[in-house]
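For reference, the structure discussed in these notes is given below.
Values below: every heavy atom of this structure, side chains too, minus hydrogens, waters and symmetry copies. Note that ligands are numbered from 1 as they come in the structure, with each ligand's atoms numbered from 1 the same way. Values in this document were obtained by computation on a predicted structure and should not be read as measured data.
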Amino acid sequence: MKYVSELNLDAGLTAIYRQLENELAQLNPGCNGCGTCCNFGDFDHVLYASGVEIDFIVKHAHVPDFAVSDNICPFLKDNNCSIREFRALGCRVFYCNPHYQEVSHEVYEKYYRMIKELYNKHAIPWKYQPFLNQLKEAPRKRLP
Ligand code: SF4
Ligand code: SF4
């Protein structure tokens, strides 16, 4: 398999996410899918993402109208993520299991280093900001 830095942006990001999912399957931190952590206000949580992750979402999914001040992810529908395939690294790595917190930090750092490699490979200026703010400012893709 090619190094992720040799792949185009979408393929590189998809490869990183796939590798992460395999690693998480081994760690098995557990989740009952309640969706509470996607309500950032209730959970007292700020989700960050890189710019390429936001571009990836906007390119592949419809972004509903939303207000940043509501502090809830607009992709949360009936307590489920409606864009699971395209969700950001921070979404994938987060689990509320307290026994997993230390490992989660290491996993997050490891996979963000890989995303930074992608940036370097494609000579894109690094961008890492709150998810909702970036999503609000990202140009909307008009779906047919
Ligand atoms: S993108 Fe999906 S997993 Fe991430 S915060 Fe939104 S609803 Fe939750
Ligand atoms: S990580 Fe925790 S809060 Fe988030 S959906 Fe899973 S069980 Fe619910």
Counterpart residues, side-chain hydrogen bond (donor to acceptor under 3.5 Å, both in side chains), relative to Tyr100 (two or more places apart): none
So, does Tyr108 use its side chain to make a donor-acceptor pair with the main chain of Leu89 at under 3.5 Å? no
Identity and distance of the protein heavy atom lying nearest atom 7 (S) of ligand 2: Asn32 OD1, 3.1 Å
Under 3.5 Å, is there a donor-acceptor pair between the side chain of Ser104 and the main chain of Phe94? no
Step by step, work out the side-chain hydrogen bond (donor to acceptor under 3.5 Å, both in side chains) result for Glu23 and Tyr111. CA-CA 11 Å; Glu23 184 163 345; Tyr111 284 90; 2.6 Å; yes
Does the Arg84 side chain pair with the main chain of Cys81, one donor and one acceptor, at a distance under 3.5 Å? no
What protein heavy atom lies closest to atom 5 (S) of ligand 2? Include the residue and the distance to one decimal. Gly35 N, 3.3 Å
Element-labelled atoms of ligand 2 that are located less than 4.0 Å from some non-hydrogen atom of Tyr95: 1 (S)
Using a distance threshold of 2.8 Å, what protein N/O/S atoms lie below it relative to atom 6 (Fe) of ligand 1? Cys73 SG
Where do Ile54 and Ala49 come nearest, in terms of heavy atoms and distance? CD1-CB, 4.1 Å
Decide if atom CD of Glu85 counts as having more than 12 heavy atoms of other residues, nucleotides or ligands within a radius under 6.0 Å. no
Part of Phe43 with heavy atoms under 4.0 Å of ligand 1, whether side chain, backbone, both or neither: neither
Check contact between Phe86 and ligand 1, using heavy atoms of the residue and a distance below 4.0 angstrom. no
For Cys96, counting its heavy atoms only, list the atoms of ligand 2 lying under 4.0 Å from any of them. 1 (S), 2 (Fe), 3 (S), 7 (S)
For atom 4 (Fe) of ligand 2, closest protein heavy-atom neighbour: Cys37 SG, 2.3 Å
Strictly under 2.8 Å, is atom 6 (Fe) of ligand 2 approached by any N, O or S atom of Cys34? no
For His45 and Asn39, what are the C-alpha separation, side-chain angles and deciding distance, and is it a side-chain hydrogen bond (donor to acceptor under 3.5 Å, both in side chains)? CA-CA 8 Å; His45 174 64; Asn39 186 331; over 6 Å; no
If you have a sec, work out which protein heavy atom is nearest atom 6 (Fe) of ligand 2 and how many Å separate them, to one decimal? Cys31 SG, 2.4 Å
On the ring face of Tyr17, is Arg92 found with NZ or CZ under 6.0 Å from the centre and within 45° of the axis? yes
May I ask you to decide if Leu13's main-chain N or O and Glu53's side chain share a donor-acceptor pair within less than 3.5 Å? no
